[in-house]
Structures are given as structure tokens and as C-alpha cells.
Asker: 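Pasting a structure here, questions to come.
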Amino acid sequence: MSRPVSAGWAAAARAPEVAGMWLGFVGVVVFALTLPMTRLATGTSEAPQLSPWFVTWARAAMAGLLSAVWLAVSRAPWPTGPMRRPLWLSMAGNVIGYPLLLGWALRHVTATHAAVITALLPLTTAVAAAWLMHQRARLGFWACAALGSLLVVAYSLLRTNQAGQRFGLEWADLLLIGAVLAASVGYVGGAQITPTLGAERTISWVCVFALPLTLSGTWLTWPATGVSTTAWLGLLYVGLFSMWIGFFAWFRGLALGGALRVSQLQLLQPFISMVAAVPLLGERIDTMSWGFALLVVVTVFAGRRLAGPAPSPPTPAHHTHKERP
């Protein structure tokens with residue numbers, strides 16, 4: 001009798017972890033679709049749709065209005081003064097910097113190309129945490145970060161050479177690198193305040209604080225010409241899911257399943273983006289993109305394993321001496 005009971009208790013104990021993994025996976029899928037959906041919204045340089053400026057403001061305005069309703073219904077307390085600086089930092093990185101730079105870049109490169117560059121996001125977030133939160137990391141972690149960066153640069157150079165252009169970094173790749181850095185800083189800003197404010201309230205307050213800017217920006221950049229229905233659907237997705245609902249699933253998954261385990265699911269994100277770009281955008285994935293995406297993910301995984309604090313220098317042993325009689 002004891003074995004079935006103990007097995008039942010073990011299954012019940014694992015249930016939150018399993019739910020956390022599934023919620024984390026949902027969050028990763030939502031975020032992975034951001035790349036192709038953003039490209040649907042902005043269009044290409046040859047066939048432009050919505051302006052990246054408009055997409056940036058409108059997606060955050062949608063999320064901000066929904067956040068205001070949710071915070072009012074949940075009776076969330078207003079953030080205190082010390083809480084606001086991290087919220088402003090997250091707003092600058094996640095509400096403005098990342099979507100704007102990503103939107104402009106995706107007008108000139110494919111979502112598959114962008115997925116390889118943005119695969120560095122977990123590593124750059126760890127670097128930003130080390131810088132802004134004064135967290136120490138082992139030498140192996142910094143070696144992985146440097147290797148991953150070199151792989152991204154090599155991929156960009158080879159892509160440029162394949163296209164018959166001058167051998168050098170494309171300016172769209174510089175925009176993508178800027179987007180990754182902006183998102184990293186924004187994530188760290190949110191991480192600084194999440195233990196105090198709560199995960200869902202953090203992203204909601206970030207979006208609400210940005211409302212005066214995003215609402216006015218949406219009105220000023222509203223498209224003067226007609227755009228396709230698919231562009232509006234892409235905007236609806238990044239505003240409703242990428243900017244808001246995805247964070248609810250992701251943060252809740254981290255809380256239930258454990259941040260260490262669930263965060264590893266981010267390694268799947270570039271591959272999901274690449275696969276989703278095939279039916280959504282009609283893109284083709286070549287062997288080089290698969291190969292470099294896999295190599296970058298390997299460096300990210302290795303970096304995560306080595307991201308622990310650097311070992312402290314050994315403390316010299318103190319010997320006690322007996323006094324002679």
C-alpha cells in the first residue's frame with residue numbers, strides 16, 4: 001500500500017514542474033514567432049508595409065492598454081520610487097530598443113537570418129547581468145560569449161560574401177546586434193525588480209509607464225496608405241502575444257518549473273523561428289543557417305553551464321599552536 005501512495009505523492013510533487021516546463025515552452029514558441037510576425041508587419045524593403053516606428057509604438061500601446069485593465073482588476077499597488085528606475089530601464093530596452101531595431105533590420109534580412117543573430121540573446125543577457133548587477137562569472141563563460149560573438153560575425157560576413165556584396169558586416173546585422181543588446185539590458189532591468197514587484201506586474205507596469213509615449217507615437221506614425229491584412233495580423237500578434245501574453249506564460253513557467261531548468265528551453269527559440277518562417281514567409285533554410293544556429297546554441301548552452309560565480313581564492317588555513325608549558 002505504501003508504494004502506490006508514495007508514487008502518487010511523487011507524481012503530485014512533479015506536477016508543478018511539468019506544468020512549468022509546458023508553460024515555459026509556450027512562452028518560447030510565442031517569442032520565437034516574433035521574428036516572422038514582425039517581418040509580416042513591416043514587410044520588406046522591396047514591398048514595405050507598416051513602418052517599424054508604427055509597429056514599435058502600436059504593439060506596446062496595445063500591451064499597455066491591456067496591462068492597465070489587468071492591473072486595475074488585480075488591484076496592483078503603484079510601484080514605489082526605487083522600483084521605477086529598473087522599470088524605465090526595461091521600458092527602454094524591451095518596449096522601444098528591441099522592437100524598433102528588430103523591425104528595421106527585418107526589412108532587409110530574412111527571419112531565418114535574424115534568428116541566427118538573435119540566438120546570442122541568452123549569452124548577452126548574462127553579460128548584461130554581470131555588468132549591471134555586478135555578478136561574477138567564470139573565465140569559461142566569457143570565452144563562450146566571445147566565441148558565440150565571433151560565430152555571429154562569421155555568419156554575417158559569409159552571408160554578405162554569398163550575396164556578392166563587399167566583404168563586411170551588413171548594417172542590418174548591426175541593427176540586430178543592437179536589438180539583442182537592448183533586449184538584454186531590458187531583461188536585466190526587469191529581473192532587478194521582479195522579486196519585489198512580481199513577474200506579471202513587472203511587464204505590465206513597464207507597458208503602462210510607456211503609454212504616454214506609445215499612444216502618441218502610434219497616433220503620429222499611423223499609416224497614411226493602405227497595407228495588407230497580413231501586416232495588421234502580424235502587428236496584432238506582436239502586440240497581444242509577444243509584448244504581453246507571452247510574458248505571462250514565460251514568467252509563470254519559470255516560477256513553477258524553476259528558472260534553471262525552464263530557461264534552457266530558450267535554446268529551442270532560434271530553431272522554432274526558422275521553422276515558422278517557412279510557412280509564414282515562404283523562406284528557405286539553407287545548411288549554413290542551420291549549422292551556425294546550432295553552433296551558436298552550443299556556445300550558449302556551454303556558457304550557461306559555466307555562468308556560475310568565479311571561485312573565490314582559497315582562504316589560508318589557520319593553525320592553532322599549543323602553548324608550551
Side-chain angles (χ1 to χ4, degrees), residues 10-40 59 63 66 70 90 94 98-99 102 111-112 114-126 129 148 179-180 183-184 186-188 190-191 194 198-204 233-234 236-281 283 285 289-290 293-305 307:
R14 288 195 301 268
E17 296 181 3
V18 174
M21 291 296 288
W22 277 110
L23 284 170
F25 179 72
V26 169
V28 166
V29 172
V30 168
F31 295 143
L33 292 178
T34 300
L35 295 180
M37 287 299 184
T38 299
R39 187 168 169 87
L40 273 182
R59 66 176 251 167
L66 290 169
W70 183 82
S90 182
N94 299 134
Y98 177 74
L102 180 68
T112 299
V116 177
I117 308 296
T118 56
L120 276 177
L121 186 54
L123 269 183
T124 56
T125 301
V180 168
S184 300
Y187 286 160
V188 172
T194 293
E200 294 91 344
R201 289 178 180 176
T202 296
I203 186 60
S204 295
L233 290 175
L236 182 64
Y237 180 89
V238 296
L240 186 60
F241 291 94
S242 302
M243 195 70 218
W244 199 57
I245 294 177
F247 281 97
F248 277 60
W250 177 244
F251 285 146
R252 184 59 58 193
L254 291 175
L256 290 175
L260 187 62
R261 293 182 62 213
V262 177
S263 63
Q264 297 301 307
L265 293 171
Q266 282 185 310
L267 300 176
L268 300 173
Q269 191 164 316
F271 300 104
I272 298 173
S273 296
M274 294 164 69
V275 171
V278 175
L280 290 173
L281 302 172
E283 295 182 3
I285 310 174
S289 295
W290 280 120
L294 181 60
L295 288 173
V296 171
V297 166
V298 168
T299 64
V300 171
F301 178 76
R304 281 185 177 277
R305 297 294 297 269

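Remember, predicted model here, so these are calculated numbers, not experimental data.
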Asker: Do Phe241 and Phe31 have ring centres separated by under 6.0 Å?
Answerer: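 Ring centroids of Phe241 and Phe31 are no less than 6.0 Å from each other.
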Asker: CD1/Ile245 to CG/Leu240 distance, rounded to the nearest 0.5 angstrom?
Answerer: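 Rounded to the nearest 0.5 Å, the CD1-CG separation comes out at 4.0 Å.
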Asker: If you look at every heavy atom in Val180 and Leu121, which pair is closest and at what distance?
Answerer: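 Between these two residues, the closest heavy atoms are O-CD1, 3.5 Å.
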Asker: Taking the side chain as everything from C-beta on, heavy atoms only, tell me whether Pro270 gets closer than 4.5 Å to Val297.
Answerer: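 The answer is yes; the side chains approach within 4.5 Å.
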Asker: Which distance, rounded to the nearest 0.5 Å, do you find between the CG of Asn94 and the CE of Met243?
Answerer: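 Rounded to the nearest 0.5 Å, the CG-CE separation comes to 6.0 Å.
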Asker: Looking only at heavy atoms, which two atoms of Ser289 and Val116 are closest? And how far apart?
Answerer: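 For Ser289 and Val116, the tightest heavy-atom pair comes out as O-CG2, 3.8 Å.
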Asker: Can you tell me how far the CG atom of Leu280 sits from the CG atom of Leu33, to the nearest 0.5 Å?
Answerer: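 Between Leu280 CG and Leu33 CG, I get 6.5 Å after rounding to 0.5 Å.
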Asker: Look only at the side chain of Gln266 and the backbone of Val28, and say whether a donor-acceptor pair between them is shorter than 3.5 Å.
Answerer: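 Absent.
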Asker: Report yes or no: does Glu283 contribute a side-chain atom to a donor-acceptor pair with the main-chain N or O of Met274 at less than 3.5 Å?
Answerer: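 Absent.
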Asker: Would you name the heavy atoms of Ala249 and Gly27 that are closest together and state the gap between them?
Answerer: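 Scanning both residues completely, I find the closest heavy atoms to be CB-N, 4.2 Å.
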Asker: Mind checking the OG1-CZ spacing from Thr38 to Arg59? Nearest 0.5 Å is all I need.
Answerer: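 Here the interatomic distance stands at 6.0 Å.
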Asker: Taking the side chain as C-beta and beyond, is there a heavy-atom pair between Pro36 and Tyr237 under 4.5 Å?
Answerer: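 Not in contact.
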Asker: Could you give the distance from CG (Leu236) to CG (Leu40), rounded to the nearest 0.5 Å?
Answerer: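 If we round to the nearest 0.5 Å, Leu236:CG and Leu40:CG are 12.0 Å apart.
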Asker: Keeping the roles fixed (side chain from Thr202, backbone from Gly190), state whether a donor-acceptor pair exists under 3.5 Å.
Answerer: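 Checking the backbone N and O of Gly190 against the side chain of Thr202, no donor-acceptor pair under 3.5 Å is found.
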Asker: Which word best sums up how the rings of Trp290 and Phe271 line up, parallel for under 30°, tilted for 30 to 60°, or perpendicular for over 60°?
Answerer: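 If you compare the ring of Trp290 with that of Phe271, the planes turn out parallel.
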Asker: Taking all atoms of both residues into account, what is the closest heavy-atom pair of Ser184 and Thr124, and its distance?
Answerer: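 Heavy atoms of Ser184 and Thr124 come nearest at OG-OG1, 2.6 Å.
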Asker: Less than 4.5 Å apart, side chain to side chain, heavy atoms only: is that true for Trp70 and Phe248?
Answerer: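 They are in contact (side-chain heavy atoms under 4.5 Å apart), so the answer is yes.
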Asker: Is any side-chain heavy atom of Leu35 closer than 4.5 Å to one of Thr112?
Answerer: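 A side-chain contact is absent here, since even the closest heavy-atom pair is not under 4.5 Å.
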Asker: Is the gap between the ring centers of Trp250 and Phe25 under 6.0 Å?
Answerer: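 Distance test on ring centres: not under 6.0 Å, no.
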Asker: Which value, rounded to the nearest 0.5 Å, describes the distance between Ser204 atom OG and Phe247 atom CZ?
Answerer: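 Answer for the OG-CZ pair, Ser204 versus Phe247, is 10.5 Å.
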